[in-house]
Amino acid sequence: MKKILVTGGSGFIGSHLCERLLAEGNEVVCVDNFFTGSKENILHLLNNPFFEVIRHDIIKSLLVEVDEIYNFACPASPVHYQYNAIKTIKTNVLGTINMLGLAKRLRAKFLQASTSEVYGDPKEHPQKETYWGHVNPIGIRSCYDEGKRVAETLTMDYHRQNKVNIKIIRIFNTYGPRMALNDGRVVSNFIVQALQNEDLTVYGDGSQTRSFCYVSDLVDGAIKMMNTSNDFIGPVNLGNPVEIPIIEFAERIIRLTGSRSKILFKELPQDDPVQRKPDISLAKEKLDWEPSVGLEQGLMKTIEYFDKKINFIKK
Ligand code: NAD
Ligand code: UDP
């Protein structure tokens, strides 16, 4: 039995990861400061004797004994990561240093949850891991984009300098049950708006594209990456290459929910990437991984989740 630390374990992706690692027979330590995560996400795991939760902020050092570390702590929604930009940078820099230091001391394997945001507003399309990106260092998204870029640099430097056994995954837009209702990301916003017959807020003209990956596929990829041999460290893109303009995504949600909602155009936020689509050939080759859940299938599960949640709140 491996003992595995998941930072950000009560968040959206983190909670699914904890659940899967427990189901595979591991012992899991979830560390979270509950900024964007919630106890509700992990409530069903609390009775499992092999699951442990520590309320802790990774910008402070942590002493635990584990074999593997999945470093997922960091708010991921633009609204949340911009709420306290300096804290977002501290989480990515000080937090990542602390977790890498822990991995070094324990000789534990370390996996960094990086992001497609390291490519910024990409000029190469689709994005390959070899692309260095097009990132504004002083904009409102920079605390996250540049924070995650430094986190990748730190991860590589702990590997080169201290021989830490590392892995880097670059996650593209991921969605599914347990996204926070109010987190401002497009999937949760549109579904919550549609279910309440409110207008769907499309930023800009909606021609910008994203590629959406269902959470179970992402978790599969992350675990496969952790379990690869030491000679493959990444970075590797994990995402679903099916690309869709945001306006079409809005129309799709209206159709799937059977909503009476209309579309309301709002101002495009600064530095919003125009296009995003992962090239996943490296993941296919090295991990034998590709997404298996189609967009409509994943959206139906997500819609069902938000529907239950909204009805529960209304009661
Ligand atoms: P989330 O906001 O639901 O989860 C983040 C978790 O980290 C939350 O539980 C939060 O409370 C916790 N956290 C934040 N700062 C912390 C700190 N200083 N100390 C301890 N805990 C802290 O977001 P998510 O979508 O689940 O994203 C998880 C990870 O995956 C993040 O690192 C994010 O950057 C990365 N990622 C996600 C996506 C996506 O589309 N969901 C895309 C790219 C990268
Ligand atoms: N978006 C939108 N309406 C919303 C929320 C987001 O049109 O209510 C757009 C946003 O401008 C971006 C895309 O949807 O182009 C994805 O936004 P999200 O915040 O989910 O993640 P990002 O990929 O930008 O980090």
Side-chain angles (χ1 to χ4, degrees), residues 6-18 30-39 41-42 54-60 62 70-82 84 87-96 98-99 112-118 121 141 144-145 147-148 151 169-176 178-180 183-193 199-213 215 218-219 222 237-240 244-247 249-250 253 263-276 278:
V6 179
T7 75
S10 78
F12 158 53
I13 301 179
S15 63
H16 288 276
L17 181 59
C18 290
C30 159
V31 162
D32 207 295
N33 69 353
F34 294 100
F35 171 45
T36 53
S38 84
K39 283 201 179 140
N41 286 344
I42 49 168
I54 305 174
R55 180 185 285 268
H56 175 82
D57 195 309
I58 63 161
I59 70 169
K60 304 276 181 217
L62 173 73
Y70 286 83
N71 191 31
F72 274 65
C74 180
S77 136
V79 175
H80 286 155
Y81 69 64
Q82 287 165 24
N84 185 344
K87 178 68 190 239
T88 301
I89 300 174
K90 283 186 180 172
T91 298
N92 280 311
V93 178
L94 301 177
T96 306
N98 284 329
M99 292 307 107
Q112 173 61 18
S114 189
T115 166
S116 53
E117 287 283 318
V118 299
D121 187 7
R141 292 175 86 102
Y144 184 75
D145 299 10
K148 287 283 185 180
I169 57 171
R170 291 185 179 151
I171 305 171
F172 283 65
N173 295 64
T174 298
Y175 71 99
R178 303 197 200 126
M179 293 184 90
D183 85 358
R185 285 186 267 191
V186 70
V187 178
S188 41
N189 270 11
F190 284 1
I191 294 179
V192 171
Q193 289 160 345
D199 291 345
L200 269 63
T201 51
V202 169
Y203 302 157
D205 62 5
S207 61
Q208 72 272 31
T209 66
R210 293 295 186 273
S211 308
F212 296 101
C213 183
V215 63
L218 191 278
V219 166
N237 289 339
L238 294 181
N240 192 323
I244 181 168
I246 291 303
I247 185 77
F249 188 62
I253 300 280
I263 286 171
L264 175 71
F265 292 96
K266 289 190 132 183
E267 201 181 334
L268 188 69
Q270 191 195 324
D271 293 341
D272 200 282
V274 173
Q275 52 182 358
R276 187 183 287 154

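Residue indices begin at 1 and follow the sequence shown. Every heavy atom of this structure was used, including side-chain atoms; hydrogens, water molecules and symmetry mates were not. Read the numbers this way: they start at 1 and go in the same order the structure lists the ligands and their atoms.
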Asker: Hey, which atoms in ligand 1 end up nearer than 4.0 Å to a heavy atom of G37?
Answerer: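 In order of number, 8 (C), 9 (O), 10 (C), 11 (O).
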Asker: Touching ligand 1 at all, S114? Heavy atoms, strictly under 4.0 Å?
Answerer: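 The answer is yes: ligand 1 sits under 4.0 Å from a heavy atom of S114.
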Asker: In terms of atom number and element, which parts of ligand 1 are under 4.0 angstrom from non-hydrogen atoms of N173?
Answerer: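 Under 4.0 Å from N173, ligand 1 has these atoms: 40 (O).
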Asker: Given that the side chain starts at C-beta and the backbone is N, CA, C, O, which of these parts of K90 lies under 4.0 Å from ligand 1, counting heavy atoms, or is it both or neither?
Answerer: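 For K90, there is no contact with ligand 1 at all, from either part.
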Asker: Under 3.5 Å between any N/O of I13 and any N/O of ligand 1: does that happen in this structure?
Answerer: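 So ligand 1 has an N or O lying under 3.5 Å from an N or O of I13.
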Asker: Please work out which of the three classes, parallel, tilted or perpendicular, describes the rings of F212 and F249, given edges at 30° and 60°.
Answerer: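 Taking F212 first and then F249, their aromatic rings lie parallel (interplane angle under 30°).
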Asker: Can you list the steps and then say if S77 with D183 is a side-chain hydrogen bond (donor to acceptor under 3.5 Å, both in side chains)?
Answerer: CA-CA 6 Å; S77 136; D183 85 358; 4.6 Å; no
Asker: For atom 27 (O) of ligand 1, grab the closest protein heavy atom and report residue, atom and distance to one decimal in Å.
Answerer: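 So the nearest neighbour among protein heavy atoms is A76 CB, 3.6 Å.
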Asker: Taking distance alone, with no angle check, do I171 and ligand 1 share an N/O pair under 3.5 Å?
Answerer: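 No; every N/O pair is 3.5 Å or more apart.
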Asker: Around atom 28 (C) of ligand 1, find the nearest protein heavy atom and jot down its residue, atom name and distance.
Answerer: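 Ranked first by proximity to atom 28 (C) of ligand 1 is F72 O, 3.5 Å.
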Asker: Could you give the distance from CG (D271) to CG (L268), rounded to the nearest 0.5 Å?
Answerer: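 Answer rounded to 0.5 Å: 9.5 Å.
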Asker: Which ligand 1 atoms, with their elements, are less than 4.0 angstrom from a heavy-atom of G8?
Answerer: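 Taking each heavy atom of G8 in turn, ligand 1 has 6 (C), 7 (O), 9 (O), 12 (C) under 4.0 Å.
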Asker: What do you reckon, does D32 have a nitrogen or oxygen under 3.5 Å from a nitrogen or oxygen of ligand 1?
Answerer: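 Right, the criterion is met.
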Asker: Which residue and atom name correspond to the protein heavy atom nearest atom 19 (N) of ligand 1, and how close is it?
Answerer: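 For this ligand atom, the closest protein heavy atom is I58 N, 3.0 Å.
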Asker: Which of the atoms of ligand 1 are close to P75, meaning less than 4.0 Å from one of its heavy atoms?
Answerer: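 Going through ligand 1 atom by atom, the ones under 4.0 Å from P75 are 2 (O), 14 (C), 15 (N).
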Asker: When only distance counts, is N33 in polar contact with ligand 1, meaning an N/O pair under 3.5 Å?
Answerer: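 Yes, N33 has an N/O under 3.5 Å of an N/O on ligand 1.
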Asker: Does S10 have a heavy atom less than 4.0 Å from any atom of ligand 1?
Answerer: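 True for this residue.
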Asker: Is it the side chain (CB and beyond), the backbone, both or neither of Y175 that lies under 4.0 Å from ligand 1, heavy atoms counted?
Answerer: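 No part of Y175 comes within reach of ligand 1.
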Asker: With sequence neighbours excluded, what pairs up with N98 under the side chain to side chain donor-acceptor pair (under 3.5 Å) test?
Answerer: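 Result, side chain to side chain donor-acceptor pair (under 3.5 Å) vs N98: none returned.
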Asker: Check each atom of ligand 1 against the heavy atoms of Y144 and keep those under 4.0 Å away; list them by number with element.
Answerer: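 Listed by number with element, the hits are 33 (C), 34 (O), 36 (N), 43 (C), 44 (C).
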Asker: Under 4.0 Å, heavy atoms only, figure out whether ligand 1 is touched by the backbone of A180, its side chain, both or neither.
Answerer: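 For A180, no heavy atom sits under 4.0 Å from ligand 1.
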Asker: With the side chain counted from C-beta on, respond yes when P78 and Y144 share a heavy-atom pair under 4.5 Å apart, and no when they do not.
Answerer: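 P78 does not reach Y144 side chain to side chain.
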Asker: Distance to 0.1 Å, residue and atom name: give those for the protein heavy atom nearest to atom 5 (C) of ligand 1.
Answerer: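 Minimum-distance protein heavy atom for atom 5 (C) of ligand 1 reads C74 O, 3.2 Å.
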Asker: Heavy-atom contacts with F34 under 4.0 Å: which atoms of ligand 1 show up? List them by number with element.
Answerer: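 What qualifies from ligand 1 is 11 (O).
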Asker: Judging by distance only, is a nitrogen or oxygen of T174 under 3.5 angstrom from one on ligand 1?
Answerer: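 Yes - when backbone and side-chain N and O of T174 are compared with those of ligand 1, one distance drops under 3.5 Å.
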Asker: Would you sort out whether Y203 and N189 count as a side-chain contact (heavy atoms from CB on, under 4.5 Å), showing the intermediate values?
Answerer: CA-CA 12 Å; Y203 302 157; N189 270 11; 3.8 Å; yes
Asker: Tell me yes or no: between the side chains of T7 and N71, is some donor less than 3.5 Å from an acceptor?
Answerer: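 Yes - a donor-acceptor pair under 3.5 Å links their side chains.
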Asker: Dump the intermediate steps for side-chain contact (heavy atoms from CB on, under 4.5 Å) on M99 and L62, then the final yes or no.
Answerer: CA-CA 8 Å; M99 292 307 107; L62 173 73; 4.1 Å; yes
Asker: Please evaluate residues F72 and I171 with respect to the criterion side-chain contact (heavy atoms from CB on, under 4.5 Å), reporting the C-alpha separation (whole Å), side-chain torsions for both, the decisive distance (0.1 Å), and the verdict.
Answerer: CA-CA 11 Å; F72 274 65; I171 305 171; 3.9 Å; yes
Asker: Heavy atoms, side chains only, cut-off 4.5 Å: are S211 and P278 in contact?
Answerer: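 When only atoms from C-beta onward are counted, P278 and S211 do touch, with a gap below 4.5 Å.
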Asker: Report all N/O contacts between ligand 2 and the protein shorter than 3.5 Å as a table of atom names and distances to 0.1 Å; if there are none, say 'none'.
Answerer:
residue, atom, partner, partner atom, Å
ligand 2, 3 (N), T201, O, 2.5
ligand 2, 7 (O), Y203, N, 2.8
ligand 2, 8 (O), N189, ND2, 2.8
ligand 2, 8 (O), T201, O, 3.2
ligand 2, 8 (O), T201, OG1, 2.9
ligand 2, 8 (O), Y203, OH, 3.3
ligand 2, 11 (O), D272, OD2, 2.6
ligand 2, 15 (O), Q208, NE2, 3.0
ligand 2, 15 (O), R210, NH2, 3.3
ligand 2, 15 (O), D272, OD1, 2.6
ligand 2, 15 (O), D272, OD2, 3.4
ligand 2, 20 (O), V186, N, 2.8
ligand 2, 23 (O), N173, ND2, 2.9
ligand 2, 23 (O), R210, NE, 2.7
ligand 2, 23 (O), R276, NH1, 2.7
ligand 2, 24 (O), R141, NH2, 3.0
ligand 2, 24 (O), R210, NH2, 3.2
ligand 2, 25 (O), R141, NH2, 2.9

Asker: Within a distance under 4.0 Å of any heavy atom of D57, pick out the atoms of ligand 1 and give their elements.
Answerer: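 Result: 17 (C), 18 (N), 19 (N).
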Asker: Could you give the distance from CG (N92) to NZ (K148), rounded to the nearest 0.5 Å?
Answerer: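 The NZ atom of K148 is 5.0 Å from CG of N92, to the nearest 0.5 Å.
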Asker: Please assess R170 against S114 for the test side-chain contact (heavy atoms from CB on, under 4.5 Å), listing each intermediate value before the final yes or no.
Answerer: CA-CA 5 Å; R170 291 185 179 151; S114 189; 4.2 Å; yes
Asker: Can you tell me the protein heavy atom closest to atom 4 (O) of ligand 1 and the distance?
Answerer: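 Of the protein heavy atoms, G11 CA, 3.6 Å lies nearest.
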Asker: Sequence neighbours left out, what passes side-chain contact (heavy atoms from CB on, under 4.5 Å) with K60? Give chain and number order.
Answerer: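 Once residues adjacent in sequence are excluded, the partners of K60 under the side-chain contact (heavy atoms from CB on, under 4.5 Å) criterion are H56.
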Asker: What residue pairs, at least two apart or across chains, pass salt bridge (charged side-chain N to carboxylate O under 4.0 Å, His left out) with a residue in residues 200-210?
Answerer: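 For residues 200-210: R210-D272.
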Asker: Which residue holds the protein heavy atom closest to atom 2 (O) of ligand 1, what is that atom called, and what is the gap in Å?
Answerer: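 Looking only at protein heavy atoms, the one closest to atom 2 (O) of ligand 1 is T36 OG1, 2.6 Å.
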Asker: Taking only Lys NZ, Arg NE, NH1 and NH2, and the carboxylate oxygens of Asp or Glu, determine whether R141 and D121 approach each other closer than 4.0 Å.
Answerer: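 Not counted as a salt bridge, because no side-chain N and carboxylate O are separated by less than 4.0 Å.
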Asker: Taking the non-hydrogen atoms of R185, is any one of them nearer than 4.0 angstrom to ligand 1?
Answerer: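 Yes, R185 has heavy atoms under 4.0 Å from ligand 1.
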Asker: Give me the residue, atom name and distance of the protein heavy atom closest to atom 3 (O) of ligand 1.
Answerer: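 Its nearest protein heavy-atom neighbour is F12 N, 2.9 Å.
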Asker: How long is the gap from CG on L218 to CD1 on I169, to the nearest 0.5 Å?
Answerer: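 Atom-to-atom, L218:CG and I169:CD1 are 6.0 Å apart.
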Asker: Quick one: which ligand 1 atoms are inside 4.0 Å of a heavy atom on K148?
Answerer: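 Selected atoms, number and element: 31 (C), 32 (O), 33 (C), 34 (O).
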Asker: Would you call the rings of H16 and F12 parallel, tilted or perpendicular, taking 30° and 60° as the class edges?
Answerer: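 Rings of H16 and F12: perpendicular, over 60°.
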Asker: Under a 4.5 Å cut-off applied to non-hydrogen side-chain atoms, are F190 and I246 in contact?
Answerer: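 Yes - at least one pair of side-chain heavy atoms lies under 4.5 Å apart.
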Asker: If you round to the nearest 0.5 Å, how far is SG of C74 from NZ of K87?
Answerer: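 One finds 11.0 Å between NZ of K87 and SG of C74.
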Asker: Should F35 be counted as touching ligand 1, given the test is an N or O pair under 3.5 Å?
Answerer: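 It does: an N or O of F35 is found under 3.5 Å from an N or O of ligand 1.
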